[in-house]
Amino acid sequence: MKIVDITKDTLISAQKEGFTVLITKFNSDPLNPTWIVDKVEKDKIESSKKILSENYQLCYSIKEAIMTVDSRPFIGKLQLNN
């Protein structure tokens, strides 16, 4: 396991590996969350966002994150599994 900053390059690399979403780890510190990448089918991303928000978790499309990370950086770190 490796913890890295969330950068545009990191997100692009994750997307190239087939990951589609960023999700905060369960019970993660809301002021300094740890994010994980996951593979969720494109048509199920919105429903996943709603389900996870019930547990105070956040879910973002990696595609959306790549487009907005320059203007709205993510708080926290990204956990990568090696």
Side-chain angles (χ1 to χ4, degrees):
M1 175 177 68
K2 182 177 174 184
I3 305 286
V4 298
D5 289 324
I6 301 173
T7 65
K8 191 175 217 172
D9 289 339
T10 307
L11 294 171
I12 290 170
S13 293
Q15 186 180 46
K16 286 179 181 176
E17 292 180 30
F19 294 101
T20 57
V21 293
L22 285 169
I23 299 172
T24 51
K25 286 182 73 172
F26 189 69
N27 289 334
S28 197
D29 176 358
L31 299 177
N32 189 24
T34 300
W35 297 83
I36 55 173
V37 289
D38 200 359
K39 296 176 181 177
V40 174
E41 293 177 32
K42 188 176 181 178
D43 61 337
K44 295 184 181 179
I45 291 175
E46 286 303 314
S47 61
S48 294
K49 286 181 182 184
K50 290 176 185 172
I51 292 167
L52 289 168
S53 69
E54 292 173 7
N55 294 317
Y56 303 101
Q57 285 182 272
L58 300 173
C59 176
Y60 289 98
S61 157
I62 288 182
K63 182 178 180 180
E64 177 185 348
I66 290 169
M67 292 187 301
T68 60
V69 71
D70 291 330
S71 59
R72 293 184 292 142
F74 279 83
I75 297 171
K77 302 285 184 187
L78 180 62
Q79 176 182 323
L80 300 176
N81 293 322
N82 291 347

Quiz item: Measuring from Ile3:CD1 to Thr34:OG1, what's the distance to the nearest 0.5 Å?
Solution: 5.5 Å

Quiz item: Taking the six-membered ring where the residue is Trp, are the ring centres of Phe74 and Tyr60 under 6.0 Å apart?
Solution: yes

Quiz item: Would you find more than 12 non-hydrogen atoms of other residues, nucleotides or ligands less than 6.0 Å from Ile75 atom CD1?
Solution: no

Quiz prompt | Rounded distance [0.5 Å steps], CD in Gln15 versus CD1 in Ile66 | solution = 4.0 Å

Quiz prompt | Any residue meeting side chain to side chain contact (heavy atoms under 4.5 Å, CB included) with Asp5, in chain and number order, not counting sequence neighbours | solution = Thr7, Lys77

Exercise. Any pair with a residue in residues 28-39 that passes salt bridge (Lys or Arg N to Asp or Glu O under 4.0 Å), sequence neighbours left out, goes on the list, sorted by first then second residue, please.
Key: none

Quiz prompt | Contacts of Asn27 that satisfy side chain to side chain contact (heavy atoms under 4.5 Å, CB included) - sequence neighbours left out | solution = none

Distance-only donor-acceptor hits, side chain of residues 40-47, under 3.5 Å, sequence neighbours excluded:
residue: Glu46; atom: OE2; partner: Lys49; partner atom: NZ; Å: 3.3
residue: Ser47; atom: OG; partner: Lys44; partner atom: O; Å: 3.0

Exercise. Not counting sequence neighbours, which residues clear side chain to side chain contact (heavy atoms under 4.5 Å, CB included) with Leu78? List them please.
Key: Val4, Ile6, Thr10, Leu22, Trp35, Val37, Leu80

Quiz item: Residues in side chain to side chain donor-acceptor pair (under 3.5 Å) with Asn32, at least two apart?
Solution: none

Quiz item: Among the clusters formed by ILVMFWY side chains lying less than 4.5 Å apart, do Ile12 and Ile62 turn up in the same one?
Solution: yes

Quiz item: Quick one: does Ser28's side chain have a donor or acceptor within less than 3.5 Å of a partner on Thr24's backbone?
Solution: no

Exercise. Group every Ile, Leu, Val, Met, Phe, Trp and Tyr by side-chain heavy-atom contacts under 4.5 Å, then state whether Ile36 and Val21 land in the same group.
Key: yes

Quiz item: In terms of side-chain heavy atoms, does Lys25 have a donor or acceptor partner in Gln79 at a distance below 3.5 Å?
Solution: yes

